[in-house]
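In what follows, chains carry the letters A, B, and so on, assigned in the order in which the sequence lines appear, proteins first and then strands, with residues in each chain numbered from 1. Side-chain atoms are counted along with the backbone in the values below, which use heavy atoms only and exclude waters and symmetry mates.
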Amino acid sequence: MMRLYNTLSRTEEPFTPGPGNTVRMYTCGLTVYARGHIGNFRSFICTDILRRTLRHLMEFDVRHVMNFTDVDDRTIVGAQRSGQDLRAYTTQYVDAFLDDARALGLEPVEAMPRATDPENLQAMADLITVLDAKGHTYRSDGSIYFKINTMPDYGKLARLDHEGMKAGARVDADNYAKDDARDFVLWKATKPDEPSWTVVDPPGRPGWHLECSAMALRLLGEPPIDIHTGGVDLVFPHHENEIAQSECATGKPFVRFWFHVEHLNVDEQKMSKSLGNTYTIPDVIAKGFRPSAVRYLLLSAHYRKPLNFTWSSLAQAEEAMRRLTDFLARLATVTAEGAHPEVGSRVAQAQQEFGDAMRSDLNTAGALGALFELVRWLNAAIDSGRVGRADVDAIHEAFGGFDRVLGVLSLRRAEDDQPPIPVEEIDRLIEERHAARRRRDFAEADRIRQDLAARGVLLEDSSSGTRWKRK
RNA sequence: GGCGCCGUCGCCAAGUGGUAAGGCAGAGGUCUGCAAAACCUCCACCCCCGGUUCAAAUCCGGGCGGCGCCUCCA
């Protein structure tokens, strides 16, 4: 049994899918007005870990939808400024997202709808029609609003009370058009030079919250869906309003589990574009780090805790990964035949600990702890000759299982498979160095190693030969 | 003002009632042509003050400090 924290109840609850063995989940994806930064990707990576745990550890089927918000104030302004059509403008950021997602090892999801896809706009129009019929809407200045006071339990997710909002002294700047400051727009009136769609009367463009409800209900079927994910900043108003629209339209609970990922901070402050403290994957690569290290760092802390990003912690992640990959590479040096029962039982113990940690509300740090303890034990066993080829097969299988959940070792391996120097040249230089060492010309041997190191390839000698790795 | 998250070794980070996982960095050793890698040893009374308990980092109360949301935001 897996336990998962549910924002709706503010407690950890046992998780099982709804009817059948299929988990239906929805993730609020990126607004494609700019390249996503690693703060955005923290939430996507944590969601990916959730997805992988459900699939590969719990062995559920998963139907996972992650959307792109490709129409809002920022995308419209961006498109206008660049003189591009909205679709063309947003597509470049969709593509950039897909590149970054691949670099970070995100599993492809079952559907990635865009808000402006015709079938999604139609779904939004249908939702408005139902909400109209049930008396949850009103029109004002060409926009269509959702009327909060038609929903008795509005606010159950964020648990904000009206009094608190009033005392906050910060009120919506354009609430003059609304009956109640808390009412939100379903369908926005557009200015003459803005993109507009006619599926709804009056023509206009989608409100942000409406998109997600429409796409989730269209692509995931009968509510309630099992899990809905996003960053903590989406709890209010976005997710609260999704609940309002969806539940008032369908008359059923919208979502069973709300999964929210805490922020990635920089200098103890939220990483966000408005603060100008963001880093993208290309930024990280330009600094000499690898996407796998970013993935490792972002998954190494619990998803419900704030994580402060520093270049130093990224470097630490890089080193931690190196320990794991060095160990896996070392397995190739084991040549003895046979199997050792105590290796098998130690591996099984680690698998148990790993699974227990992940099932406990995705305790990735605890799971990594189990992994490193196993690595130390196995390294010692190899040192003393207590590991055979048959054990190595079992070890590889176990690590394959760990990595189907973490998705970081294979990512690292894929990066390592693309060394800065052609493999044939590395092999040739290693051979030359061997020759030099055989004639005890250590000056030449060291020169070759230093030359390779300067070009990003490190050599390690051992009794079973020399192996290379990327710096 | 309301709703939340958080404060554990130099750094990162688990643990949420029985006396502190793991990673990085550091010190000493083993191994080694050198260098790595690996292994061994060492390295924390858990923000403060009360309380509950045989027993608290872990529960309760009160502080102090950091952050987020309440307005577009992963």
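Looking at A:Q316, its side chain comes within 3.5 Å of the base of B:rG23 through a donor and an acceptor atom.
When the nucleotides B:rC12, B:rC39, B:rG33 are ranked by their closest atom to the side chain of A:A445, B:rG33 comes out on top. Closest to the A:R449 side chain, of the nucleotides B:rC34, B:rA74, B:rC5, is B:rC34.
Taking the P atom of each, B:rC12 and B:rA25 are spaced 15 Å apart, rounded to whole Å. Comparing B:rC48 with B:rG7, their P atoms sit 13 Å apart, to the nearest whole Å.
When the side-chain nitrogen and oxygen atoms of A:N379 are compared with OP1 and OP2 of B:rA37, none of them lie within a distance under 4.0 Å. Between A:R330 and B:rA37, a side-chain N or O to OP1/OP2 separation shorter than 4.0 Å is absent. Listed pair A:K469 / B:rA36 fails the phosphate criterion, with no side-chain N or O lying under 4.0 Å from OP1 or OP2.
The CZ-C1' distance, from A:R322 to B:rG23, rounds to 14 Å in whole Å. When rounded to the nearest whole Å, the span between CZ of A:F327 and P of B:rG22 equals 17 Å. Following rounding to the nearest Å, A:L298 (CG) and B:rC12 (P) show an atom-to-atom distance of 15 Å. One can place CG of A:D361 at 12 Å from P of B:rA14, the figure rounded to the nearest angstrom. If you measure from atom CZ of A:R376 to atom P of B:rC24, you get 10 Å, rounded to the nearest angstrom. Note: CZ (A:R323) to P (B:rA36) measures 16 Å, nearest angstrom.
B:rG33 has A:F442 stacked on its base ring, the centres lying under 5.5 angstrom apart and the planes within 30 degrees of parallel.
Of all non-hydrogen atoms in A:L298 and A:C46, the two that sit nearest each other are O-SG, 4.2 Å.
Donor-acceptor pairing under 3.5 Å is lacking for the side chains of A:R290 and A:S292.
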